[in-house]
2 protein chains.
Amino acid sequence: MADQPTGVSSLKTLDNALAVLSEFTLETPTWGLRELSKKMDMNHTVLHRILRTFEGWGYLRQNPLTKEYELGLKILEFTSVVKQRMKLSEFVVPVMHELVEEVGETAFLTLKDGDKGVTVEIVECDRPIKFNVSIGTRTPLHAGASCKVILAFMDEEEKPGVLPESLQAFTARTVTEREALIRDLEEVRETGVCVTKGEFSDAVCGIAVPLFNARRKVVGSLTIAGPGYRMPDEETPELAEKVMNKGRIIQQYIDRFGSFY
Amino acid sequence: MADQPTGVSSLKTLDNALAVLSEFTLETPTWGLRELSKKMDMNHTVLHRILRTFEGWGYLRQNPLTKEYELGLKILEFTSVVKQRMKLSEFVVPVMHELVEEVGETAFLTLKDGDKGVTVEIVECDRPIKFNVSIGTRTPLHAGASCKVILAFMDEEEKPGVLPESLQAFTARTVTEREALIRDLEEVRETGVCVTKGEFSDAVCGIAVPLFNARRKVVGSLTIAGPGYRMPDEETPELAEKVMNKGRIIQQYIDRFGSFY
DNA sequence: CATATTGGTTCTTATATCGAACCACCGGTT
DNA sequence: AACCGGTGGTTCGATATAAGAACCAATATG
């Protein structure tokens, strides 16, 4: 998390507050008042007021024993709203379940949000070893099948804005060469599907197809991912075909009901 | 949504902002600037700044076509944090799945949050007709099995604070008589399980057992719910037994790993 | 083409936030 | 017990900051 504020036309108090909220992450889900005030280099009185206000609304709550603050249950209220807005559960998830049945690997749906891909829905497969990811995860667009396929189908003029100067390497196999990446993307555009091996996480193979809105702009992707040894090269074409089929079904749904502007 | 602020030691700007955010509900997920400013009786300039600040952080986003605002994907980031904090996915959900297999109805986990019960996890059954509920739903504690069972096991001194003056009726069968409710709760405490029929939603039967934290305070409940005709009186004892069994397993887990302070 | 919307911006005033200094409490040291 | 360093929490005056009337620009409607 720990995003940057926009800086333009924003409320300082609210900016501060949201910066505070963003510190409650998977890595550091709880904070003491003083502890967080040091971390953020923020006057502890100011921080205290912010925490209390959030607490009053249920966004945060204080552990009565340790006095530490953590995210409150109020947050959960919004997830239903977001998801229903994306119309995910009623139609897309069942299709994802079918896909998981067919391929035996975890499937997930990614949406483009600015210069990041966000995992918005996951259907896990029923095996002890499987690809693991959390809802809400944000990753740059240049690595991993789910994100690369989005990048591949973006308008040329939009790309410069979302690609950073230097492409961060997540594994030894992440494509960090601009030229190489562009060649990759061209191939993805030709075949209509993106297959990656260990680019974002070691030993993970991903197969992804793009999803478009009514104006033919990429808005996200449908992906399956699993351990590389279960997805050898000779089987990927067959798997890719299955992902593309389900992708087409979801696409038809989007076209008809116009979600994901 | 649309909760009240606490009023004590809070930041007005942030309070305003959170009040704004709370207007983005399942019923009204999108708002135009002027439209919302009227609804909230708030100067549109002020509102505009709030919306823009939220937008800058990804909590809201503006539909570029309609110019309306809606919740952004940033929200999803937090859900993983909350859930992992509750340690739900890794252990509790599998147990809930087992329960759903056994009884063939939807199961859900409710946590007490102040004077409300919050649905934090749902495992739906695999039937066309089933009980439906959204994650994050907040309901008063006096109606429905999932909430009544929490109320039943709360400390006596804590109850006055959470029970409103008049008990809202959700259906014709909601218990709104204080005396009757107290008798119900006593029975629940004796049997250790709460069975309700159509108290919160018409024709819905719910069976719930309480969950306690390390200090033996009720923190939530495990519930199954389905259409009344599939859960006739003669079968409820058997179903209740199954819910209690799974409840015990989850309870053991909580006792060992101490989630849900 | 006038009117009434909409979203968005500017600039002044007054108000709401900041933050130093302040408790009260707790646990360990001396 | 007195002291220290560490919590979380509170108070109140100075001033930075957000409120809001008046203002665009654009679109839609008659």
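Here is how names work: the chains are called A, B, and so on, in the same order as the sequence lines, proteins then strands, and each is numbered from 1. Because only heavy atoms are used, hydrogens play no part in the values below, and waters and symmetry mates are left out as well, while side chains stay in. None of the values given here were measured: they were computed from a predicted structure.
Rounded to whole Å, the distance from CG on A/Leu47 to P on D/dG8 is 9 Å. Residue B/Leu51 contributes atom CG, which lies 12 Å from atom C1' of C/dG8 at whole-angstrom precision. Between A/Asn63 atom CG and D/dG8 atom P the separation is 12 Å, expressed in whole Å. For the pair B/Leu60 CG and C/dG7 P, the computed distance is 14 Å after rounding to whole Å.
Of the side-chain N and O atoms in A/His48, one or more sit less than 4.0 angstrom from OP1 or OP2 of D/dG9. Listed pair B/Tyr69 / C/dG8 meets the phosphate criterion, a side-chain N or O lying under 4.0 Å from OP1 or OP2.
For the helix from C/dC1-D/dG30 to C/dT30-D/dA1, the rotation axes defined at the first and last 5 base pairs enclose an angle of 20°, given to the nearest 10°.
Taking the six-membered ring where the residue is Trp, B/Phe200 and B/Phe170 present tilted rings, their angle falling between 30° and 60°. The aromatic rings of A/Trp31 and A/Phe24 sit perpendicular to each other, their planes meeting at more than 60°, with 30° as the lower class boundary. Classified by interplanar angle (parallel below 30°, tilted 30° to 60°, perpendicular above 60°), the ring pair B/Tyr253/B/Phe91 is parallel.
Annotation: the span from B/Thr137 atom OG1 to B/Leu26 atom CG amounts to 7.5 Å, rounded to 0.5 Å.
The shortest non-hydrogen separation linking A/Leu185 to A/Ala152 is O-CB, 3.8 Å. Taking every heavy atom of both residues into account, B/His44 and B/Leu33 meet most closely at O-CD1, 3.7 Å. A/Ile254 approaches A/Phe212 most closely through the heavy-atom pair CG2-O, 3.6 Å.
Of the candidates C/dG7, D/dG9, C/dT10, the closest approach to any side-chain atom of B/Gln62 belongs to C/dG7.
Side-chain N/O atoms of A/His44 and base N/O atoms of C/dG19 include no donor-acceptor pair closer than 3.5 Å.
Partner of A/Arg61 under the side-chain hydrogen bond (donor to acceptor under 3.5 Å, both in side chains) criterion, out of A/Glu55, A/Glu68, A/Glu70: A/Glu70 alone.
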Identify all pairs in which a protein N or O lies below 3.5 Å from an N or O of nucleotides 15-19 of chain D, and state each distance.
residue	atom	partner	partner atom	Å
D/dT17	OP1	A/Lys12	NZ	2.8
D/dA18	OP1	A/Lys12	N	3.2
D/dA18	OP1	A/Thr13	N	2.7
D/dA18	OP1	A/Thr13	OG1	2.7
D/dA18	OP2	A/Lys12	N	3.4
D/dA19	N7	B/Arg49	NH2	2.8

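Counting only heavy atoms from C-beta outward, the side chains of B/Ile135 and B/Ile122 approach each other to under 4.5 Å.
Salt-bridge annotation for A/Arg138 and A/Asp115: absent, with no side-chain N of the basic residue lying under 4.0 Å from a carboxylate O of the acidic one. Under a 4.0 Å N-O distance rule, the pair B/Glu158/B/Lys112 qualifies as a salt bridge.
Shown for residues 30-40 of chain A: no residue has heavy atoms falling under 4.0 angstrom of DNA chain C.
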